[in-house]
Amino acid sequence: MDVPQAILGEEINKETESLYKKEKKLGEGTYAVVYLGHHIKTKRKVGIKKIKLGNMRSGLDMSAIREVKALRELRHPNVIELIDVFSHKTNLNLVLEFLDTDLENVIKDKSLVFMPADIKSWMMMALRGLDHCHRCWLLHRDLKPNNFLIASDGQLKLADFGLAREFGDVKRAMTSQTVTRWYRAPELLLGATNYTGSIDIWAMGCVFAELLLRVPYLSGESDLEQLTTIFKARGTPTEDDWPGLSKLPMGFKFEKHPRPAFAELFHGASDDALDLMNRMLTYNPVARITAAEALQHPYFRNSPRPTQPAKLPRPKQEYVAEEEGLDSDGARRKRHYNDAFGDDVFSDGKGDSAVAHREGSGHSRDQDAQPTAKRMDLRISSPA
Amino acid sequence: MAANYWESSQFQRFLLTRYELAEIESTHMIQLTNHEITHLKIYFADLILKIGKRLRTRQEIIATAIVYFKRFYINNTFYDIDPYLMAATCMYLACKVEENPHHIKHIWSESSAMFTETSPDIRFPYDIPDIAECESYLLEEMKFYLVVYHPYQVLIDESIKLSKPALQASWSIINDSYRTDMTLVYPPHVIAVAALFLSRVVDQGNLSDIEAQQWFADLNVDITDVLQVVTELLSLYKVWSEYDEAKMPELVSRYIADIAASS
């Protein structure tokens with residue numbers, strides 16, 4: 001406990017601010033500007049996310065509140081670290097650990113070859129971070145490859161907690177309009193307002209599939225389309241697969257699609273990997289594997305052993321320290337930071353109105369790649 | 001939200017000892033008698049509760065707002081920021097943090113209406129941007145640690161063992177505990193156990209005396225702390241019986257004028 005003296009928070013705040021130096025702007029979204037900076041004494045590199053002033057007439061907006069609230073209590077090697085917070089005039093500044101790239105960049109860099117052990121390593125780190133959140137009764141609600149940031153030592157970290165909220169009280173309804181569409185669990189698409197960590201696991205299953213396929217697995221073009229995409233890819237669920245399905249608020253009849261053979265699409269993936277992925281993409285949210293259970297899955301114990309984080313493939317174009325001109329690299333970097341540090345999420349006032357329009361900004365991914373193609377860049381060598 | 005209370009910022013950063021709290025009071029509140037200090041605490045907890053009632057929010061949100069209010073005035077006085085403005089601001093922030101946001105305009109109008117209704121002597125010359133500005137002072141003072149644990153959850157977890165009247169009695173006792181500073185000094189489960197203990201005086205509940213003894217014996221809670229909380233609650237009820245809301249606005253103004261004069 002700090003010794004209580006007659007110091008105003010304002011003065012402590014100024015002290016915090018003086019510890020860091022902003023160097024340059026890395027990117028800008030409608031909701032925040034991100035700067036590269038460093039701690040003046042330790043020279044530690046940091047990302048300073050300045051939340052914009054425009055909304056200050058009504059105080060701090062919900063996504064900033066959620067992010068600060070969540071990150072102030074979480075502490076885990078696989079969750080982005082919130083080092084400090086300070087306000088400057090009426091802006092809020094989050095001092096975050098500096099991370100160079102994200103999983104989306106890694107997946108998209110087709111010059112990189114993923115070994116099964118690499119995928120296992122990323123999945124393990126992601127699940128550990130997620131397990132920590134769920135143990136703290138926190139839902140992330142926006143898992144997707146560009147929200148998994150990667151540190152220079154290869155550690156993967158969950159970031160962007162602008163939609164995160166606590167769960168566990170069955171009496172309290174939550175919005176079903178959350179999570180970027182391609183990663184949104186079927187129960188959310190059907191309008192469930194009571195859900196658990198299983199929605200994050202579904203998203204994690206989609207990311208797993210994306211690591212195997214190198215393209216988004218379930219890329220629907222609208223909310224309704226998304227369900228159809230899921231059913232085509234995974235077979236239409238029956239009351240047996242998912243008891244209580246017909247009781248969902250928007251439950252209605254869907255065209256029957258048979259369950260395809262996954263092994264064909266995920267050619268080259270090992271059986272244990274496919275088994276874990278299928279458990280993460282189980283229709284019944286209650287039967288879906290939890291993060292803690294997933295970490296105990298044989299996939300993580302069987303050979304090959306997960307790659308050490310430092311030895312994981314990384315995109316060639318690392319962060320470079322100049323800012324002149326937005327060359328293609330600069331443009332890419334800029335977009336990356338907008339995505340990584342949250343975009344235009346603003347919900348004012350009414351209830352738990354999280355963000356459906358978010359997918360628009362978050363996804364400038366090449367959609368021309370055919371996600372349904374049988375074998376994409378599945379450069380997986382057979383396990384030794 | 002941290003994995004548990006012991007890892008939370010509430011325990012690690014905000015828990016004060018009795019002694020620290022007494023130190024703070026002795027520096028801030030020299031001009032007041034002990035009764036007056038308690039009355040002020042009751043008064044502002046009541047005001048925040050009234051805003052909450054008007055907004056029809058859950059009790060936990062009201063409790064969070066009261067804790068924010070108390071945290072702010074650990075290191076600041078009523079002279080630094082008007083407590084009426086701070087009360088409205090705490091409610092505004094607590095609603096957002098607990099995922100039940102209200103529009104700032106709504107908070108402002110309900111608060112000012114409530115103050116007018118409570119007493120014509122309360123001055124609330126503030127506008128919406130003042131609440132937004134005040135919020136940033138509040139956030140800075142709390143160093144942006146926002147999660148607060150409450151005794152209610154413990155009660156909910158134990159509710160199967162309780163009869164309805166016992167549950168209601170314990171719940172109200174917990175509500176009352178926010179009229180003191182015990183929430184800054186004791187962990188929530190200690191306050192919850194003390195409330196359960198006191199509620200047995202009111203109602204026997206589903207447990208027989210022997211079962212209840214066993215239940216209390218099985219708790220891994222320092223019973224001296226529990227008894228201390230019980231004592232404090234009982235003394236609160238005593239002082240509360242002399243409380244007169246109508247006299248409070250005058251006391252607040254006098255107190256603020258005193259600090260102004262001495263600084």
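A, B, ... follow the sequence lines: proteins, then strands. Residue 1 opens every chain.
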* A:Ala164 versus chain B, the contacting section by heavy-atom distance below 4.5 Å -> backbone

* Asked: Do you know the tightest heavy-atom contact between A:Asp160 and A:His140?
  -> O-NE2, 3.2 Å

* Minimum-distance pair of heavy atoms, taken over all atoms of A:Asp200 and A:Arg141 -> OD1-N, 3.0 Å

* Region of B:Leu93 that comes under 4.5 Å of a non-hydrogen atom in chain A -> side chain

* To do: State whether a side-chain donor-acceptor pair under 3.5 Å links B:Asn76 with B:Tyr137.
  => no

* Side chain / backbone / both / neither for B:Leu139 at chain A, heavy atoms under 4.5 Å -> side chain

* To do: Assess the side chains of B:Glu141 and B:Asn75: does a donor N or O sit below 3.5 Å from an acceptor N or O?
  => yes

